[in-house]
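To start, the structure itself, in structure tokens.
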Amino acid sequence: EAKSHGRNGFCFFTSALQERAHKRLRMASDLHVALEQQQFYLVYQPVVNLRDGSIHKAEALIRWQHPQRGLIPPCEFIPLAESMGLINEIGDWVFHTAAQQVRLWRSELHPDMQIAVNKSPLQFQSKTGPTPSWAEHLKADNIAPEAIVVEITEGLLLDASESVQRQLLSLRQEGMRVSLDDFGTGYSSLAYLHRFDIDFLKIDQSFMRDLAPGSKNLTLCKAIIQMAHELGIQVVAEGIETRLQKDLLQEAGCDFGQGYFFAKPLLPEDFLVFARSGQTPAP
Ligand code: C2E
Ligand code: MG
Ligand code: MG
Ligand code: MG
């Protein structure tokens, strides 16, 4: 397209790039004020127990309500926050907000409620110094550490530095749970599952595509579930959008399901209604 327009096309291309760079720059400076001005909020997606239909889990997902640009999805600003060194601050805010939420739900909904928070690999890099750990915060606020599930990605395990290993170990020793997100997408190595103790594994939503009896993806899901169970790991299937997908995973022995078939990420008040109504399709 740009080539066919010769010089003009090139100019157009350049200005489009400039426009993008400019937008990024603006977003970067806006990110700085977003925290102070409380432009972030969390939505919570139900995670349904596929054995009994209970809803004792949720994943916290961040949203940015920009005063001019409207709602900005995390895939647009999380990588930016990571490159700007802001991810620790944002990540801590997510953690604190989610922790308060789960404390409330443990008294309002069910004593076993758990909330999963996503933790960027970069948040494992520079956590030294006087900042109190998440565990210390939980203690101070009298929140059971078992209520928190920390979602990490395979990229973190690829690093596999001693420091990362130590941090993951201490998260679990402190009583929090660890979940391996987006399993099957990156450098998936079964060795990770063995080397790092984790509590949950989330099968990536890409495996849900064309899920049908006899399909390759179903075979893969079954293998992952069996292997995980043999290692004492519980499995969450992400991105379940249809009844068929839910039925097949349930039959395959998958422990939990998450996806639009059950519910989209919800505001706290909507989550409460959803969890109370028990309106998930019967297992
Ligand atoms: P993730 O942790 O794998 O979260 C699941 C994503 O899949 C969410 O997108 C969710 O809204 C979406 N999803 C859930 N069910 C379905 C479904 O049935 N179909 C489809 N197509 N999508 C579904 P979201 O909220 O846009 O978040 C995208 C990614 O951004 C997350 O992927 C996570 O990697 C990152 N993220 C979100 N919140 C945070 C956060 O607080 N901290 C960090 N570090 N990353 C976050
Ligand atoms: Mg996640
Ligand atoms: Mg995921
Ligand atoms: Mg994902």
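Everything numeric in this text was worked out from a predicted model, so none of it was measured. In listed order, ligands and their atoms are each counted from 1.
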Measure from NZ or CZ of Lys246 to the centre of the six-membered ring of Phe262 and say whether it is under 6.0 Å with the direction within 45° of the ring axis.
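Pair Lys246/Phe262 does not count as cation-pi.
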Just which atoms of ligand 1 are under 4.0 Å from any heavy atom in [X]?
{"X": "Val94", "answer": "41 (O)"}
{"X": "Glu241", "answer": "17 (C), 18 (O), 19 (N), 20 (C), 21 (N)"}
{"X": "Gln45", "answer": "14 (C), 15 (N)"}
{"X": "Gly239", "answer": "16 (C), 17 (C), 18 (O)"}
{"X": "Pro265", "answer": "11 (O)"}
{"X": "Ser120", "answer": "44 (N)"}
{"X": "Gly259", "answer": "15 (N), 18 (O)"}

Determine, using heavy atoms of Met208 and all atoms of ligand 1, whether some pair is separated by less than 4.0 Å.
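Contact check Met208 vs ligand 1: negative.
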Arg63 to ligand 1, any heavy atom closer than 4.0 Å:
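The answer is yes: ligand 1 sits under 4.0 Å from a heavy atom of Arg63.
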Tell me, which N, O or S atom in Glu59 is closest to the Mg ion (ligand 2)?
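Within Glu59, restricted to N, O or S, the Mg ion (ligand 2) is closest to atom OE2.
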Tell me which N, O or S atom of Glu151 sits nearest to the Mg ion (ligand 2).
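Glu151's closest N, O or S atom to the Mg ion (ligand 2) is named OE1.
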Of Glu230, Lys222, His229, the residue whose pairing with Gln226 passes side chain to side chain donor-acceptor pair (under 3.5 Å)
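Testing each of Glu230, Lys222, His229 against Gln226, the sole residue satisfying side chain to side chain donor-acceptor pair (under 3.5 Å) is Glu230.
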Residue among Gln258, Glu238, Lys264 satisfying side chain to side chain donor-acceptor pair (under 3.5 Å) with Gln45:
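Only one of Gln258, Glu238, Lys264 forms a side chain to side chain donor-acceptor pair (under 3.5 Å) with Gln45, namely Gln258.
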Return the orientation label for the Trp134 and Phe95 ring planes: parallel under 30°, perpendicular over 60°, tilted otherwise.
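Aromatic pair Trp134/Phe95 classed parallel.
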If you measure every N or O of [X] against every N or O of ligand 1, does any of those distances drop under 3.5 Å?
{"X": "Asp182", "answer": "yes"}
{"X": "Lys119", "answer": "no"}
{"X": "Gln205", "answer": "yes"}
{"X": "Ile62", "answer": "yes"}

With the 4.5 Å side-chain cut-off for hydrophobic clustering, are Leu249 and Ile224 part of the same group?
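Yes, same cluster.
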Given that the side chain starts at C-beta and the backbone is N, CA, C, O, which of these parts of [X] lies under 4.0 Å from ligand 1, counting heavy atoms, or is it both or neither?
{"X": "Asp181", "answer": "side chain"}
{"X": "Glu238", "answer": "side chain"}
{"X": "Lys202", "answer": "neither"}

Of all N/O/S atoms in Asp181, the name of the one nearest the Mg ion (ligand 3)
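Sorting the N, O and S atoms of Asp181 by distance to the Mg ion (ligand 3) puts OD1 first.
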Find, among atoms of Asp182 that are N, O or S, the one nearest to the Mg ion (ligand 3), and state its name.
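It is OD1, the N, O or S atom of Asp182 closest to the Mg ion (ligand 3).
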Which value, rounded to the nearest 0.5 Å, describes the distance between [X] atom [atom1] and [Y] atom [atom2]?
{"X": "Leu80", "Y": "Trp64", "atom1": "CG", "atom2": "CH2", "result": "7.5 Å"}
{"X": "Glu136", "Y": "Asp141", "atom1": "CD", "atom2": "CG", "result": "12.0 Å"}
{"X": "Leu168", "Y": "Arg172", "atom1": "CG", "atom2": "CZ", "result": "9.5 Å"}
{"X": "Gln39", "Y": "Leu31", "atom1": "CD", "atom2": "CG", "result": "9.0 Å"}

Ile143 side chain reached by Gln100 side chain, heavy atoms, under 4.5 Å:
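Yes - at least one pair of side-chain heavy atoms lies under 4.5 Å apart.
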Kindly confirm whether the Mg ion (ligand 2) is within less than 2.8 Å of some N/O/S atom in Ser179?
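Looking at Ser179, which is the residue asked about, there is no N, O or S atom under 2.8 Å from the Mg ion (ligand 2).
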Of the listed options Val43, Thr242, Leu61, Leu122, closest to atom 8 (C) of ligand 1 (non-hydrogen atoms):
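It is Leu61 that holds the nearest heavy atom.
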Among Ala237, Pro74, Ala263, whose heavy atom sits nearest atom 36 (N) of ligand 1?
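Looking at heavy atoms only, Pro74 sits closest to atom 36 (N) of ligand 1.
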Which residues pass the side-chain contact (heavy atoms from CB on, under 4.5 Å) test with Leu272, sequence neighbours left out?
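If we apply the side-chain contact (heavy atoms from CB on, under 4.5 Å) test to Leu272, skipping adjacent residues, the hits are Trp105, Glu108, Leu109, Arg276.
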Under the side chain to side chain donor-acceptor pair (under 3.5 Å) test, residues paired with Asp112 that sit two or more places apart:
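Asp112 satisfies side chain to side chain donor-acceptor pair (under 3.5 Å) with no other residue.
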Salt bridge Lys202-Asp182, side-chain N to carboxylate O under 4.0 Å:
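Salt bridge absent between Lys202 and Asp182.
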With a 3.5 Å distance limit and no angle check, can you tell me whether Asp181 reaches the backbone of Thr153 through a side-chain donor-acceptor pair?
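Not confirmed, Asp181 side chain does not pair with Thr153 backbone.
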